[in-house]
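Written out below as structure tokens is the structure these notes cover.
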Amino acid sequence: MPQYNVETVPPNLFAVPDLTSEKVPQPPSSVTFLQSYWSPHIAHELITTAQALVNPRGKGIYATDESPDVIQALFDGVQVNDREEKAWTKAENRERRKKWRESAYNAVPSEYIAGVIMYPETLIDFGLAPILANKGVIPGVRANAELMPIPGSPSEFIVEGLDGLLGRLQAARAAGARFSKWRVTIACTSKERGLPTQTSLELQADTLGKFAAISQEAGLVPIVEPDVEFSEDADLARSVEVHEKAISLIFDRMRAYNVLLEGSIIKPSFPLPGLKFPGRDKYKAEDIALATATVIARAVPTSVPGVAFLSGGLSPTLATGYLAAVNALVNSSQAPSPFARLPSLTFSFGRALQGDALKEWVKGNEAQTKELLHKWSKVCWQSARGVVSG
């Protein structure tokens, strides 16, 4: 079993580490320059975990952090033939969620999946992290709470959950988590319609900066997730502009809060034209790839080990197609192109990876569940290496 799944360095973050123990990995002096406020041992563990989440190239993250209400809606949305609809009790629905997660985690292929983001219920109440850790997959946890409208801008939202976050993340670490994830949503319209506002961008960036710092204080690699929505009328150029500005602000705030960038990951959306933009159909996967690579090259510091894109409601075919296209662009790029210097570009998909499998599980088809999780995990892995699946 990989050391980063089972070792806590030091065993208690508030204890003095035993520097003579063979179990304590000694950080290479060449990993990175550390300021005095960073423990070399904690920094080494953060960097090791962050690197393992996005390497070797092709491996990515399986996002299973949906809330119980969302999971229930997914279950209810599956048509089950030749069976009467059952009225499930609250306790039965809880057990259903647990059984689904157990089935999915047992089926996760570790050759394609490096980490799994878990909902706190799944990690702490169900205690399912060992299933993943025992097969060399790194457990993680969703850290953010729910959305609240920004006063004066009801179409934009801030995310709650910073109060008491350190204690919750320390509990998550004790339950087996080695990374955490926080998602913010960012509205995106044409420039004339004026979203996102500067207030929103600054609020989101500050929230993610604070989260990342608290996560590292708890000994967890932070994954910051700016989800720029594409339901409105923005064209591709506007989406690129908003992505670049939002991501740049996020890393500015992370620096302000002394976040160790080498021990962090970003989970952005793909820059996309809005669904209401009349010229949306003219853009091909190659256009999205060029836009995406440009944003990453301009806004993500080279010290960040990797970028794990979210699928954000895209179909599995589109999400994996965009990922394959941007990696194919990287493969074909040579210096002095900035695209030749990009970090690992991989996936952190939920519905795009498990959607078909969940439908079969609800129908009671365990074998097909495992087969489909393996299939889509491999497709994602291939896409993160620049291979378009047939």
Side-chain angles (χ1 to χ4, degrees), residues 2-14 17 24-57 59-61 114-118 133 137-144 162 165-166 168-170 172-174 176-183 205 207-226 247 250-268 296 299-308 342-346 348:
Q3 190 177 57
Y4 50 75
N5 278 339
V6 296
E7 295 293 334
T8 300
V9 185
N12 180 326
L13 286 178
F14 302 101
V24 178
Q26 300 302 308
S29 59
S30 61
V31 168
T32 190
F33 180 86
L34 296 176
Q35 298 290 353
S36 59
Y37 43 77
W38 273 109
S39 157
H41 301 280
I42 296 174
H44 179 250
E45 187 183 11
L46 290 171
I47 294 170
T48 300
T49 302
Q51 290 285 353
L53 284 168
V54 294
N55 288 296
R57 188 180 178 201
K59 276 195 169 186
I61 299 168
V116 172
I117 307 170
M118 309 169 81
V137 176
I138 306 172
V141 66
R142 167 178 153 175
N144 60 277
L162 287 175
L165 179 60
L166 179 59
R168 295 197 305 274
L169 292 184
Q170 288 172 331
R173 181 175 169 86
R178 290 299 176 265
F179 69 96
S180 63
K181 189 267 297 185
W182 187 294
R183 171 179 175 260
T207 297
L208 287 176
K210 289 177 179 175
F211 149 71
I214 294 169
S215 180
Q216 290 189 340
E217 185 177 353
L220 302 180
V221 169
I223 298 182
V224 293
E225 180 179 353
I247 293 171
I250 289 164
F251 283 111
D252 283 347
R253 298 312 298 162
M254 289 172 70
R255 291 188 188 94
Y257 289 114
N258 297 322
V259 172
L260 181 67
L261 297 185
E262 292 87 347
S264 69
I265 292 171
I266 186 167
K267 179 180 176 177
I296 301 306
V300 177
T302 57
S303 53
V304 176
V307 178
L342 295 185
S344 175
L345 304 180
T346 189
S348 179

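What you see below is based on every heavy atom in this structure, not just the backbone, and it leaves out hydrogens, waters and symmetry mates.
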Would a distance-only check, ignoring hydrogens and angles, find a side-chain to backbone donor-acceptor pair under 3.5 Å from Arg178 to Thr49? no
Nearest 0.5 angstrom please: Ser344 OG to Lys59 NZ, how far? 12.0 Å
Here the gap from Trp182 atom CH2 to Leu162 atom CG, rounded to the nearest 0.5 Å, amounts to 4.0 Å
Do you know which two heavy atoms are closest between Leu220 and Ala177, and how far apart they sit? CD2-O, 3.2 Å
OG on Ser180 to CE on Met118, rounded to 0.5 Å: 14.0 Å
Can you name the residues that form a salt bridge (Lys or Arg N to Asp or Glu O under 4.0 Å) with Arg253, not counting sequence neighbours? Asp206
Is there a side-chain contact between Pro343 and Val304 in this structure, where contact means two heavy atoms from C-beta onward sitting under 4.5 Å apart? no
Residues Leu261 and Ser303: closest non-hydrogen pair is CB-OG, 3.5 Å
Taking the side chain from Thr48 and the backbone from His44, do they hold a donor-acceptor pair closer than 3.5 Å? yes
Can you see which heavy atom on Lys181 is nearest to which on Asn144, and at what distance? O-OD1, 3.7 Å
Any Leu34 side-chain heavy atom under 4.5 Å of Pro40 side chain: yes
So Pro301 and Arg255, do their side chains get closer than 4.5 Å, heavy atoms only? yes
For the atom pair CD1 (Ile42) and CD (Glu217), what is the distance rounded to the nearest 0.5 Å? 9.5 Å
Within a strict 4.5 Å, meaning less than it, do heavy atoms of the Asn258 and Gln35 side chains meet? no
Nearest 0.5 Å, please: how far is CD1 in Ile223 from CD1 in Ile265? 5.0 Å
May I ask you to test the Ile117-Phe179 pair for a side-chain heavy-atom distance under 4.5 Å? yes
Looking only at heavy atoms, which two atoms of Ala50 and Glu262 are closest? And how far apart? CB-O, 3.9 Å
Nearest heavy-atom neighbours spanning Ala308 and Ser348: CB-CB, 3.9 Å
Indicate the atoms forming the closest heavy-atom contact of Ile138 with Ala52, along with that distance. CD1-CB, 3.8 Å
Under the salt bridge (Lys or Arg N to Asp or Glu O under 4.0 Å) test, residues paired with Arg57 that sit two or more places apart: none
Less than 4.5 Å apart, any side-chain heavy atom of Ile250 and any of Pro226? yes
Answer yes or no: is there a side-chain heavy-atom contact under 4.5 Å between Leu260 and Ile47? yes
Got Trp38 and Leu46 here, is their nearest side-chain heavy-atom distance under 4.5 Å? yes
